[in-house]
2 protein chains.
Amino acid sequence: MATPPTSGGGWPAPGPSAPSSAPRKERSPGRCGGSTPPAGRSSTQSRPGGAFKRPTPLPRGVPSDESPAGVRTLTAPDAASAAALVTDGLGADALVALFGRCTVDYEGRAASELGPGDRHVMLKPDGAALVHTDEGQQPVNWQPPGCEHDCRATEGATVVESRRTSPEESLVVRFSTVAHAAAFDVSDHETPEVIGTEADLKRRILEEPSLVEDGFTPLATERKTPAGAVDVYGEDDAGRTVVLELKRRRVGPDAVGQLDRYVGALRRDLHADAEVRGVLVAPSVTGRARALLAERGLEFVPLTP
Amino acid sequence: MATPPTSGGGWPAPGPSAPSSAPRKERSPGRCGGSTPPAGRSSTQSRPGGAFKRPTPLPRGVPSDESPAGVRTLTAPDAASAAALVTDGLGADALVALFGRCTVDYEGRAASELGPGDRHVMLKPDGAALVHTDEGQQPVNWQPPGCEHDCRATEGATVVESRRTSPEESLVVRFSTVAHAAAFDVSDHETPEVIGTEADLKRRILEEPSLVEDGFTPLATERKTPAGAVDVYGEDDAGRTVVLELKRRRVGPDAVGQLDRYVGALRRDLHADAEVRGVLVAPSVTGRARALLAERGLEFVPLTP
DNA sequence: GCCTAGGTCCCGTTA
DNA sequence: TAACGGGGCCTAGGC
């Protein structure tokens, strides 16, 4: 059987050379000097920049056992078929996943090379790209949202490039073989509700200031100082200025430094006779952080979001 | 057709109730109080803790057009089939991907809820879990490596749970429908070569110390101080102690605070008459950082990795 | 665009 | 194990 098996077919098939919805940009030939065979050519660009918005409802195929809505897959496709799936998928704002043996090259803020291995590559319609191995939460290579994805078949390889400007960065994934390719029609309008953030800690304190100390009165949040915005600004029962720095988890020396900068800036900014107290509010502190607090004359109040 | 279409079959099929290689741990029933139908029951645990090592070569099926090595997929499976694929895949150290409509609940260091939507879920054999939407480089929900994955079919839903201890954390993904499921046999022994890190900057300076200033002599790297380890420790042509803090990119006030802590610690640690200079080495500094440098009597040398 | 700080940050290294 | 700092950090919110 020469044709690779395919399951799904959620969208009207526009064929490999269908024009992308984004304006086609002429592109110089890749680093594989020779000309690309027209049969295997296929590319698309996602919308550039951060303006990611779905323009129209996605075309959905008739759901059925073999081609459910919003999924198109290919197993062990040839390079041209894989590139076509990627191109068509991205053109329809689908999330595209590729799995197979590949190399990865990145150049931009830094540069990196990754030799051949089996990896999972995800291309998102907002321009993000992720290369995952079997280990780690973090992708081994990636590209942030705002890139233009491009996929083409070149000399038997399936090549994905995700590129952006400012900063100029490029990620190139070369698949010698694609074991599996899939395009998913994603719809997700939900935003997660998260509990236990620093914002929750702030809310708790504003509702019940005595959690910090008896007589504490919050006067402002995010109050601006020459050193930056202070989490909570207020005064104690003796009328002294109090600066709170809030952290949702156990803190180290960096948080003390942050608080110290705010306190220093306010001491310089307010009247010369103004007394300014700095209070770090967090579940706990490390040893060095505690020593640094003492050294700088700052205080600590244990509190958990 | 009642049976969902399947492509691949890379492993010997051990059936949905095959015991996992990891020791089975008795588990209390999930929040769906009732008993789980045995037909749909299927679960696995990945190896706990960080000790992720492949014990034996993965069983690979005979490659062919329809079942290439290392890939098993199901399109629009019922819950039991999806759970079986996940369980078998994880049992064989495969990387598992699920796509479909789901809700996500997380509880641990924080807590979150995410309503129904189409998402891509990746389960790694090292215990990591990632839930991706169509936007953003970051997963909307996740679990770090070291978790035990568990997948079962419960009342028509495919439920994935990734759990770890210390800290106690649980991520539960409930699929009302799985549009596509895949298990990938990953082999990746490569580590990326990255250029342009802070380590490169350090190497450059050690090779050519005059890049910092004429007469600078490095004496140690990672020299310990009560405030932490200093990037580069040395002396200038006048014999004064010099502390370098290196950054690969433009720095803000936090890096100045870091350098300031090291300089302070050394001034206290060394002889009372010792003069200590602090030098921040980075491509550039922000305005506030520059002001803070001046305020603390610290210096800046522009240098790019 | 830059700047500032948060994050369920993750991650490696070391004591 | 905790702690400390790096990261191509990413991401949100101001300005």
Side-chain angles (χ1 to χ4, degrees), chain A residues 50 106-112 128 130 135-146 164 166-171 192 194-199 201-202 222 224-225 227-231 245-255 257-258 261-262 284-289 305, chain B residues 50 106-112 128-131 135-146 164 166-171 192 194-202 222 224-225 227-231 245-255 257-258 261-262 284-290 305:
Chain A
Y106 156 74
E107 192 159 359
R109 288 163 292 174
S112 75
L130 302 166
E135 288 183 62
Q137 184 195 315
Q138 298 305 123
V140 63
N141 276 113
W142 70 91
Q143 203 67 289
R164 67 166 176 166
S166 68
E168 185 76 41
E169 287 194 308
S170 159
L171 179 74
V194 186
I195 294 173
T197 63
E198 182 181 304
L201 180 56
K202 183 190 291 184
E222 303 303 324
K224 308 286 186 297
T225 79
V230 158
D231 283 341
E245 175 60 33
L246 314 182
K247 296 294 174 194
R248 68 167 303 279
R249 59 172 181 165
R250 184 172 174 86
V251 293
D254 53 339
Q258 211 179 318
R261 296 201 301 273
Y262 300 147
S284 56
V285 278
T286 68
R288 274 218 262 267
Chain B
Y106 157 74
E107 194 159 0
R109 289 164 291 175
S112 74
L130 301 166
V131 182
E135 287 183 61
Q137 185 197 313
Q138 298 305 125
V140 64
N141 277 114
W142 71 91
Q143 202 67 290
R164 67 165 175 166
S166 68
E168 185 76 39
E169 287 194 307
S170 160
L171 179 74
V194 186
I195 295 174
T197 64
E198 183 182 301
D200 294 315
L201 180 55
K202 183 190 292 183
E222 303 302 325
K224 310 286 185 297
T225 79
V230 159
D231 283 342
E245 175 61 33
L246 314 182
K247 295 294 175 194
R248 69 167 302 280
R249 58 172 183 166
R250 183 173 175 87
V251 293
D254 52 340
Q258 213 178 318
R261 295 201 301 273
Y262 300 147
S284 56
V285 277
T286 68
R288 275 220 262 264
R290 187 175 288 280

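Chain letters run A, B, ... following the sequence lines, proteins first, then strands; residues in each count from 1.
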*Return yes when atom CD of E107(A) has more than 12 non-hydrogen atoms of other residues, nucleotides or ligands closer than 6.0 Å, and no otherwise.*
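Counting other residues, nucleotides and ligands, CD of E107(A) stays at 12 neighbours or fewer.
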List, with names and distances, any nitrogen or oxygen atoms from the protein found under 3.5 Å away from nitrogen or oxygen atoms belonging to nucleotides 2-4 of chain D.
from	atom 1	to	atom 2	distance (Å)
dA3(D)	OP1	R250(A)	NE	3.3
dA3(D)	OP1	R250(A)	NH2	2.2
dA3(D)	OP2	R250(A)	NE	2.7
dC4(D)	OP2	T286(A)	OG1	2.6

*Using distance alone, with no hydrogens and no angle criterion, decide if Y106(B) and Q143(B) have a side-chain donor and acceptor under 3.5 Å apart.*
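No, because no side-chain N or O of Y106(B) sits under 3.5 Å from a partner of the opposite role on Q143(B).
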Which heavy-atom pair separates [X] from [Y] by the least distance, and what is that distance?
X: P167(B); Y: R109(B); value: CG-CG, 4.0 Å
X: I195(A); Y: A110(B); value: O-CB, 3.2 Å
X: P305(A); Y: T197(A); value: CB-O, 3.8 Å
X: P145(A); Y: G136(B); value: CG-CA, 3.9 Å

Length of the line joining [X]:[atom1] and [N]:[atom2], which is rounded to integer Å:
X: K202(B); N: dT13(C); atom1: NZ; atom2: P; result: 12 Å
X: E198(B); N: dG5(D); atom1: CD; atom2: P; result: 11 Å
X: E168(B); N: dT8(C); atom1: CD; atom2: P; result: 19 Å
X: L246(B); N: dG6(D); atom1: CG; atom2: P; result: 9 Å
X: L130(B); N: dC11(C); atom1: CG; atom2: C1'; result: 15 Å
X: L171(B); N: dC9(C); atom1: CG; atom2: P; result: 15 Å
X: I195(B); N: dG7(D); atom1: CD1; atom2: P; result: 14 Å

Can you check whether [Y]'s main-chain N or O pairs, donor with acceptor, with [X]'s side chain at less than 3.5 Å?
X: R250(B); Y: V285(B); value: yes
X: Q137(B); Y: W142(A); value: no
X: D231(B); Y: L246(B); value: yes

At 4.0 Å (heavy atoms only), tell me whether [X] reaches a base, stays on the sugar-phosphate, or touches nothing.
X: D254(A); answer: nothing
X: S112(A); answer: nothing
X: E222(B); answer: nothing

*Would you mind building the protein contact string for nucleotides 9-15 of chain D? One character per nucleotide, 5' to 3', B for base within reach (heavy atoms under 4.0 Å), S for sugar-phosphate only, - for untouched.*
BSS---S
*asked:* Between S166(A) and K247(A), which residue's closest nucleotide on DNA chain C lies nearer the 5′ terminus?
replied: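 This one resolves to S166(A).
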*asked:* Measuring from the side chain of Y106(B) (C-beta onward, heavy atoms only), which nucleotide among dG8(D), dT8(C), dG6(C) has the closest atom?
replied: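 Closest nucleotide to the Y106(B) side chain: dT8(C).
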*Dot-bracket for DNA chain D: what is it, with Watson-Crick or G-U pairs under 3.5 Å, [ ] where a pair crosses earlier ones, and | for a pair to another strand?*
|||||||.|||||||
*Using a strict 4.0 Å threshold on nitrogen-to-oxygen distance, state whether E245(B) and K247(B) make a salt bridge.*
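Salt bridge present between E245(B) and K247(B).
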*Salt bridge check: are R249(A) and E198(A) linked by an N-O gap of less than 4.0 Å?*
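Looking at R249(A) and E198(A), the cut-off is not met.
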*For dG8(D) and dT4(C), measure between their P atoms and round to the nearest Å.*
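Those two atoms are separated by 22 Å.
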_Let me confirm one number: the CZ-CG distance from R248(A) to L201(A), rounded to the nearest 0.5 Å._
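Atom-to-atom, R248(A):CZ and L201(A):CG are 9.5 Å apart.
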